[in-house]
Amino acid sequence: MQNFKINSLEEYNQAYQKSIENPSKFWAEIAENFLWRKKWHTVLKYDWSKPETKWFIGGKLNITENCLDRHLKTRGDKTAIIWEPNNPSEKAQHISYKQLHSKVCQFANVLKASNVGKGDRVCIYMPMVVELAVAVLACARIGAIHSVVFAGFSATALAARINDASCKILLTTDGVYRGSKLVALKDIADEALKVCPSIEKSIVYQNTKQKVDWNEKDVWWHDELKKVDDNCPAEEMDAEDMLFILYTSGSTGKPKGMVHTCGGYMVYAAYTFQNVFQYQENDVYWCTADIGWVTGHSYIIYGPLACGATTVMFEGIPSYPDYGRFWEVCEKHKVNQFYTAPTAIRALAKHPTTLVEKYNLSSLKVLGTVGEPINEEAWHWYDENVGKKNCPIVDTWWQTETGGMMMTSLAGITGQKPAFATLPFVGIQPSLLDDKGNELTEDAAEGILAINFPWPSLARTIYGDHERYKNVYFSAYENKYFPGDGALRDENGNYRITGRVDDVVIVSGHNLGTAPIENAIDEHKDIVECAVVGFPHDVKGNALCAYVTTYDNVQESDNLIAEVREIVSKTIGPIAKPDKIIFVSGLPKTRSGKIMRRILRKIASNDTSNLGDISTLLNPDVVQEIIENFK
Ligand code: WT7
């Protein structure tokens, strides 16, 4: 629990006002609540033409002292992490702050003994076991930069991320439990490591005890632990030193390694956590995300632990052993705040409500959503069946790049409106722009979303490519951060996020660039070219449709469809597999050869009423053919 809780609408308004009028003073006061080895001399310096943003300049700290050490006296025996296994017949684990501190320090010593030091990159490719959280914090303890890669990614995707950051060490597991399935994770990691020369050692946590191949660089996690103790003083970090890299998709093939730094990220993650969820000491908080995504970084690990909270880590999936699992876990651990994705809500809403009613959900106080727009129907299902109309819902809009929540209500403090992320969080100054970049000043308006002023947890760069960082986020509109989303605002200042305005599609809450998927499909020997677009899907929010042209002599078959799906799965991961694959003789192109994805998106959405002027296309005839083939 931090001393910066907002307790009323009036306090929110005051805090917001102050954060806008005097951001430096405001954030300095919030930052005072943390443990600093040395205080900053300047709160904020920024120049978005470079772009450069620095917070708490001169400040020294270690985030793990804030997440662990500082709690030992006051809540050492309090549960930090409740770990709930994939298999409900296995026992849950309760790890106290003391125990977590000890595990983190011990594993930090393993990393040190493996020649990992401040600034070295460590790739973490692990499922939702306690050791994943331990690994993340152990890196932070010694100032190594963690790069967590979601354990559902393919070998190719993993290798690309390891190589982009020249990671020195890989942390992985033998296998993964996923519902009734067993995934051979180490096999995938082994495949990746064939092309990752920077990796010196792979430390393997024994999770499933399945048989694995053993290579020269492999060592067992448990063997390494035996060689070290749990005494590991934290490395002193500068506020602006890198804390982690986390990859997100972009509109070009290469994933973007978003860089977050120690000071600002910590302050903002904790401040948003405490206030958005209105967390109180002894509450049990559960975010169902995977730590492989930013939601897990900020709101399973860093935000909750910096506030001394009890955070649930769930190894399983919502549908195993049945679609009542989430609610079973809520009842079992008496969860007070529950944070999940709209896609999960929609999937659960397809099943009988008896699966919810079976469980006692009276502990729930606050519900949250993240990752994509939530439709009104799903919102009401969540509100009525899970919240029993008695729990505020926080719809939190933010991004890997923003590090923490940007637009959201504060549970029970500010108002809610179905399908609206509602108000900017304290310190956030949004604006809506027209196509030309002019600010829309009317109260109610719809346009492109931009952020006018820095906040502490903004990603500082793209690892190794500051130019791209500048181009993607700071070049569209002068002196503004461009998130790539569209939004509308009602007359009361509530924002509704309408979706991406670039070539990124949010599928089941996962941010997928269409370009890397197209590149993967184009690799198939029978395929000339393709275009991938998103279309609305009732469970996933969006699904992918690939329009594919083949060489003349190629037979368009179910086999080929399966191969296309497989190549995507292998190159990127199963989540990126297109739902629909449509063979066409050509793609609609402008005279300069640019694929008109707008038209393809409309066709995929079954909306061919207004395709706009297609006469300017290089090949207008192809459009009718595509419409026919689509049916
Ligand atoms: C994109 C960012 C934030 C952590 C998980 C996703 C979409 C996210 C919402 C929301 C509408 C949302 C946006 C955003 N998005 N939350 N509450 N309402 N859209 O992080 O993978 O970086 O994706 O997710 O389009 O730009 P990410």
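Remember, it's a predicted structure, so these values are computed and weren't measured experimentally. Whatever order the structure lists ligands and atoms in, that order sets their numbers, starting from 1. Atom set for the values below is all heavy atoms of this structure, side chains included, hydrogens, waters and symmetry mates excluded.
At a cut-off of 3.5 Å, with distance as the only test, no side-chain donor of Asp503 or Thr514 sits close to an acceptor on the other residue.
Of the listed options Tyr247, Trp397, Trp398, Trp398 places a heavy atom closest to atom 3 (C) of ligand 1. The residue among Asp485, Thr498, Leu512, Val504 with a heavy atom at the shortest distance from atom 13 (C) of ligand 1 is Asp485.
Stacking of Lys417 on the aromatic ring of Phe420 is recorded, both the 6.0 Å distance cut-off and the 45° axial limit being met.
The proximity of His510 to ligand 1, defined as any non-hydrogen pair under 4.0 Å, does not occur for either the backbone or the side chain. Only the backbone of Thr396 comes within 4.0 Å of ligand 1, counting heavy atoms alone; no side-chain atom from C-beta on gets that close. For Gln399, heavy-atom contacts with ligand 1 shorter than 4.0 Å involve the backbone as well as the side chain. Only the side chain of Ile506 comes within 4.0 Å of ligand 1, counting heavy atoms alone; its backbone N, CA, C and O stay farther away. Both the backbone and the side chain of Thr400 come within contact range of ligand 1, each with a heavy atom under 4.0 Å.
Identified under the salt bridge (charged side-chain N to carboxylate O under 4.0 Å, His left out) test for residues 443-466, with sequence neighbours left out: Glu240-Arg460.
By the neighbour-count criterion of 12 heavy atoms within 6.0 Å, atom CD of Glu442 is densely surrounded, having more than that number from other residues, nucleotides or ligands. For Glu439, the CD atom is densely surrounded, since the number of other residues' heavy atoms within 6.0 Å is greater than 12. Dense packing is recorded around NZ of Lys365, with more than 12 heavy atoms of other residues, nucleotides or ligands lying under 6.0 Å away.
Residue-ligand proximity: Gly371 is placed with a non-hydrogen atom under 4.0 Å from ligand 1.
The aromatic rings of Tyr302 and Tyr265 sit perpendicular to each other, their planes meeting at more than 60°, with 30° as the lower class boundary.
Atom 10 (C) of ligand 1 has Glu372 O, 3.4 Å as its closest protein atom, hydrogens excluded (heavy atom only). With hydrogens left out, the protein atom closest to atom 23 (O) of ligand 1 is Asn511 ND2, 3.2 Å, a heavy atom.
Near Pro373, the atoms of ligand 1 lying under 4.0 angstrom from a non-hydrogen atom of the residue are 11 (C), 18 (N), 19 (N).
Here the side chain of Asp607 pairs no donor or acceptor atom with the backbone of Lys602 at under 3.5 angstrom.
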